[in-house]
Undergrad: 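Let me give you the structure first, and then I'll get to my questions.
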Amino acid sequence: MSFTMHGVGISGGIAIGHAHLVSHALLEVAHYQVPKNLVADEITRFQLAVDTVTQDLETLRLQLPNNAPAELKAFLSTHSMILADKSLSEAPITMIQNEQCNAEWALKQQMDDLVEQFEQFEDEYLRERKQDVVQVVERVIKVLLGHPSQVLLKAQENAIILVAHDLSPADAIQFKRHQFAAFITDVGGATSHTAILARSLNIPSIVALQRARDLIFDGELIIVDGTLGVVITDPDKSTLAEYKLKQEQWEIEQQKLRRLRLTKAVTLDGTAIELFANIEVPEDAAKAKAISATGIGLYRTEFLFMNRREWPTEEEQFQAYRQVAESMKGLPVTIRTLDLGADKQIDPDTARTCTNPALGLRAIRLCLAEPQIFHAQLRAILRASHYGHVKILIPMLTTLSELRQAKLLLERAKRSLRVENTPFNEIITVGGMIEVPAAALKAEAFARELDFLSIGTNDLIQYTLAIDRTDDTVSHLYSALHPAVLQLIEMTIRAANKLNKPVSVCGEMAGDARYTRLLLGFGLRNFSMHPANVLAVKQQVLQSNLPELTAPVRKILSLANIDKIEPLLQKLNLQ
Ligand code: PEP
Ligand code: MG
């Protein structure tokens, strides 16, 4: 049956493809007693489900297009092997027989045992395979629960659309390495880290679809309109034709934008604007270069710390930072120190144990509380500074004393390198993120002690409006245009400009071309955003005349009502 769902579009474009349901690692499985006379039926039900999944995996593997990533093939073979193992295909049968329990429960118990065994492995690679066990079991449980898996891929239509209830940033960073046509989730806010990562995949993405995972079938043909935040399931012929046309138009638009790659970002009145890129993993640096970004304005290093048990060593960090520094060939690379915690949790259990993780021990607070971890990272960044134009950026500053402590620790890291004669840039610049209202209100004081400022609008909006950026139930209230938010951003830019300290915006607002003129009117000259947004923002810069922005922007700043601001912003963008 065809139906339309609405969510929050986080990355534009149109995708048409087959749904691939990704389920939660923690399955909620019911446990019930099976009457003796029905035990045989229950066993048959279990065996049929295992057979179905075995066949599905085989079909999937055979129908993989030639250009599918090699990991995908290996991943399907591993799943088939795991499922064929007696502990999953036979042990549950004995359990159903002996304990008269339902098939799902028996399978879940076996899965838990197996996962526990995998966790004992010394070898990290083997330990990680427990995820595969969970995924295979989830597939079987889905079939058992009457969600029969249809054939996922048809040979001629190889686009896969990920449908998940939610994905942690740790999951999303893994998906970054595969090729999917689109990405949709039931929950999530527009600036949650999962959303940011999804956006960085540069494929149409929608969050906050509410019940997508329940309503969409595995393998079903769906259309994802990431620009409008709309999903259409099982489309009829005319809808399909309409969206194929839209998809082509979008591609033409993208091609036009690509022509701006080498054009200098200069406003109509001749002011040069710097457009930097945000990256999450070293490989992203290539994307930044491909669109001729001014440099890296924000390298979110926390992703190096995810999907693993041990913290990365100083050496491993150094190699990653050096790779980025070298690949940018002298262009600035702004490495942000660890911003773990809250929406970027490595261990989801920690998030559950604190009442307000966003207000808790995160980012610089965590680094100051764990000086050894900070020390290793600072040394790694400093060492990398010998190989390129590296800058340091400290997240979540709230008080000047945090900044001073961080600088002392930086000095200590420098001293330790000097003793060893390890080369680094002695005059490396240090910037701070202004993303807590307290810091924005005192931006001038921070600017005096820092070399540059970077405004993190994602958190600044969250903390100013008291709206959890990851919570879709309040995402309609999350707005960059709230007058209090605008005032804090403008104040921060003004404070930095007054002291002649460079200031940029590196939150999602910088990559949204609807806000480009407004930010230019606030006096912003440096923007940092995901590489995918750079050209659209550049187009807006090229069409803007700074002197003409002053009066309308002043008017917007004087308003107290968000409803009045929106039409004025639209007018500003049309002028
Ligand atoms: C921000 O808060 O705007 C920001 C850029 O940092 P992050 O999204 O990583 O918290
Ligand atoms: Mg932030």
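In each ligand, atom 1 is the first atom listed, and ligand 1 is the first ligand listed.
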Undergrad: Is the closest heavy-atom distance from Gln462 to ligand 1 below 4.0 Å?
TA: no
Undergrad: State whether the side chain of Lys289 and the backbone N or O of Ser327 hold a donor-acceptor pair below 3.5 Å, judged by distance alone.
TA: yes
Undergrad: Which atom, counting only N, O or S, brings Glu435 closest to the Mg ion (ligand 2)?
TA: OE1
Undergrad: Regarding ligand 1, does Arg362 bring an N or O atom to under 3.5 Å of one of the ligand's N or O atoms?
TA: no
Undergrad: Run the numbers on Arg211 and Asp186 for salt bridge (charged side-chain N to carboxylate O under 4.0 Å, His left out), then give the verdict.
TA: CA-CA 6 Å; Arg211 295 187 54 218; Asp186 291 349; over 6 Å; no
Undergrad: Could you verify whether a donor N or O on one side chain and an acceptor N or O on the other, from Asn573 and Gln570, lie under 3.5 Å apart?
TA: no
Undergrad: Run Arg336 and Glu302 through salt bridge (charged side-chain N to carboxylate O under 4.0 Å, His left out) and show every step you take.
TA: CA-CA 9 Å; Arg336 182 172 71 183; Glu302 45 283 354; 2.6 Å; yes
Undergrad: Under 3.5 Å between some N or O of ligand 1 and some N or O of Thr457?
TA: yes
Undergrad: Give a yes or no on this: more than 12 heavy atoms of other residues, nucleotides or ligands lie within 6.0 Å of atom NZ of Lys442.
TA: no
Undergrad: Going by distance alone, is a donor N or O of one side chain under 3.5 Å from an acceptor N or O of the other, for Thr294 and Glu274?
TA: yes
Undergrad: Would you say Asp339 has an N, O or S atom lying under 2.8 Å from the Mg ion (ligand 2)?
TA: no
Undergrad: Should you measure from each heavy atom of Cys506, which atoms of ligand 1 turn up under 4.0 Å away?
TA: 5 (C)
Undergrad: If the condition is ring-ring contact (aromatic ring centres under 6.0 Å, His included), which residues does Phe527 pass it with, not counting sequence neighbours?
TA: none
Undergrad: Restricting to N, O or S atoms of Asp459, which is nearest to the Mg ion (ligand 2)?
TA: OD2
Undergrad: Do any heavy atoms of Arg469 fall under 4.0 Å from ligand 1?
TA: yes
Undergrad: When you look at Lys407 and Glu449, which way does the salt bridge (charged side-chain N to carboxylate O under 4.0 Å, His left out) test go after all the steps?
TA: CA-CA 10 Å; Lys407 282 179 140 185; Glu449 299 194 21; 5.3 Å; no
Undergrad: Checking Gln319 against Glu315: is there a side-chain donor and acceptor pair closer than 3.5 Å?
TA: yes
Undergrad: Relative to the heavy atoms of Met433, which atoms of ligand 1 are at a distance of less than 4.0 Å?
TA: 4 (C), 5 (C), 6 (O)
Undergrad: Considering the heavy atoms of Arg300, write down every atom of ligand 1 situated less than 4.0 Å from one of them.
TA: 4 (C), 5 (C), 6 (O), 7 (P), 8 (O), 9 (O)
Undergrad: What atoms of ligand 1 come within less than 4.0 Å of a heavy atom belonging to Asp339?
TA: 9 (O), 10 (O)
Undergrad: Please verify whether a non-hydrogen atom of Met509 lies at under 4.0 Å from ligand 1.
TA: no
Undergrad: What atoms of ligand 1 come closer than 4.0 angstrom to any heavy atom of Leu298?
TA: 5 (C)
